[in-house]
Amino acid sequence: MRIIILLGPPGAGKGTQAAMLSKEFSYKHFSTGQMMRDAIASGTKIGNKVAEIVNSGKFVQDEIVCKIVFNAIEKEGAINSIILDGFPRTLPQAISFDAFLREKDLYKYVSIINMMLKDIVVIDRLHGRLICARCGHVHHAKYDPPKRASCCNLCYGELFMRPDDALDVVQSRLKIYHELTDPLVHYYKNTGANICSIDVDKPATEVYSDIKACLL
Ligand code: AP5
């Protein structure tokens with residue numbers, strides 16, 4: 001049993017690394033960003049509210065995110081290892097999550113990977129991100145370019161850009177990240193959690209090796 005928390009700014013490669021880990025080890029991948037995008041796609045009243053928040057780069061309310069994540073983990077049970085991509089990302093979320101895990105005697109399984117990346121690289125990565133509408137594979141215009149324009153290399157599905165990857169929204173996501181998520185590193189270090197910091201400004205395969213070394 002493992003509970004891996006991927007902490008890092010937008011574009012750090014949390015989704016990319018989570019996909020690699022879950023492919024190799026069959027870990028269950030929980031992406032709170034994807035959960036929000038699924039809620040948006042549902043077209044419900046709540047989905048429309050979430051869309052306003054996400055597309056402007058703000059964070060969804062702590063209580064809503066915690067409820068969604070805790071339910072998902074409870075459904076999974078204490079058997080499968082999980083990767084959390086995008087949660088927790090505020091102090092209240094981290095504190096509630098610690099309490100939730102301690103109550104279930106799962107805290108001992110937590111490993112946190114702190115993925116460090118400069119803002120300028122974040123902007124470059126998100127500006128070039130292209131996602132396949134069919135299989136969800138994430139390309140990058142420069143670092144993992146499609147061989148055929150607008151077509152996924154894996155399944156030929158159509159590629160699209162996320163609305164929150166527009167430059168002004170990325171800048172506001174970064175600002176909020178530094179304000180609300182940066183303090184989590186300090187929090188985890190102070191609480192004696194198992195946290196490992198890595199520089200992620202290197203090819204995805206090298207980042208992956210570093211993450212695996214942290215998890216040994
Ligand atoms: P979310 O989807 O989680 O967005 P994010 O944290 O901003 O992260 P991203 O998905 O943008 O980036 P990533 O780190 O996964 O990078 P990726 O692997 O795609 O959340 C979206 C929104 O939902 C939030 O803004 C918020 O509104 C809401 N939300 C979610 N969780 C919440 C929470 N807990 N509380 C409140 N609100 C919440 O890689 C990026 C690009 O770089 C890709 O093109 C990729 O191909 C490329 N790339 C990846 N690795 C490398 C590498 N090593 N070298 C070169 N290129 C690389």
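Atoms within each ligand, like the ligands themselves, are counted from 1 in listed order.
Residue Pro203 places a heavy atom less than 4.0 Å from ligand 1. In this structure, Arg162 has a heavy atom closer than 4.0 Å to ligand 1. Under the 4.0 angstrom criterion for non-hydrogen atoms, Ile53 is not in contact with ligand 1. Heavy-atom distances between Asp144 and ligand 1 stay at or above 4.0 Å for every pair.
Contacts between Phe59 and ligand 1 below 4.0 angstrom, taking non-hydrogen atoms only, involve backbone and side chain alike. Residue-level proximity to ligand 1 for Gln93 is carried by the side chain, the only part with a heavy atom below 4.0 angstrom. Here Arg173 has side-chain heavy atoms under 4.0 Å from ligand 1, and that is the only part of it that gets that close.
Considering both main-chain and side-chain atoms, Ala204 comes within under 3.5 Å of ligand 1 through a nitrogen or oxygen pair. The distance criterion of under 3.5 Å between nitrogen or oxygen atoms is not met by Val207 with respect to ligand 1.
Glu52 and Asn48 share no donor-acceptor pair across their side chains, judged by distance under 3.5 Å alone. For the 3.5 Å distance criterion, the side chains of Asp85 and His29 qualify, holding a donor opposite an acceptor. In summary, the side chains of Tyr143 and Asp124 do present a donor paired with an acceptor at a separation below 3.5 Å, with no hydrogens or angles considered.
Within the set Gln34, Lys14, Met20, the minimum heavy-atom distance to atom 8 (O) of ligand 1 is found for Lys14. For atom 12 (O) of ligand 1, the candidate residues are Gly8, Gly11, Pro92; the nearest heavy-atom contact is made by Gly11. Atom 30 (C) of ligand 1 has its nearest heavy-atom neighbour, among His127, Arg89, Gln61, Met35, in Arg89. The closest heavy-atom contact to atom 26 (C) of ligand 1, among the options His137, Lys58, Arg37, comes from Lys58.
Here the straight-line distance linking atom NE2 of His139 with atom CG of Leu159 works out to 5.0 Å at 0.5 Å rounding. Between atom CD1 of residue Ile82 and atom CG of residue Leu21 there is a gap of 13.0 Å, rounded to the nearest 0.5 Å. We find the NE2-CG distance between His186 and Leu91 to be 10.0 Å, quoted to the nearest 0.5 Å.
Judged as a side-chain contact (heavy atoms from CB on, under 4.5 Å), and not counting sequence neighbours, the contacts of Glu179 are Lys175.
Sulfur-to-sulfur, Cys214 and Cys196 sit under 2.5 Å apart at their SG atoms.
At a threshold of 4.5 Å between non-hydrogen side-chain atoms, the residues Asn55 and Val169 do not count as touching.
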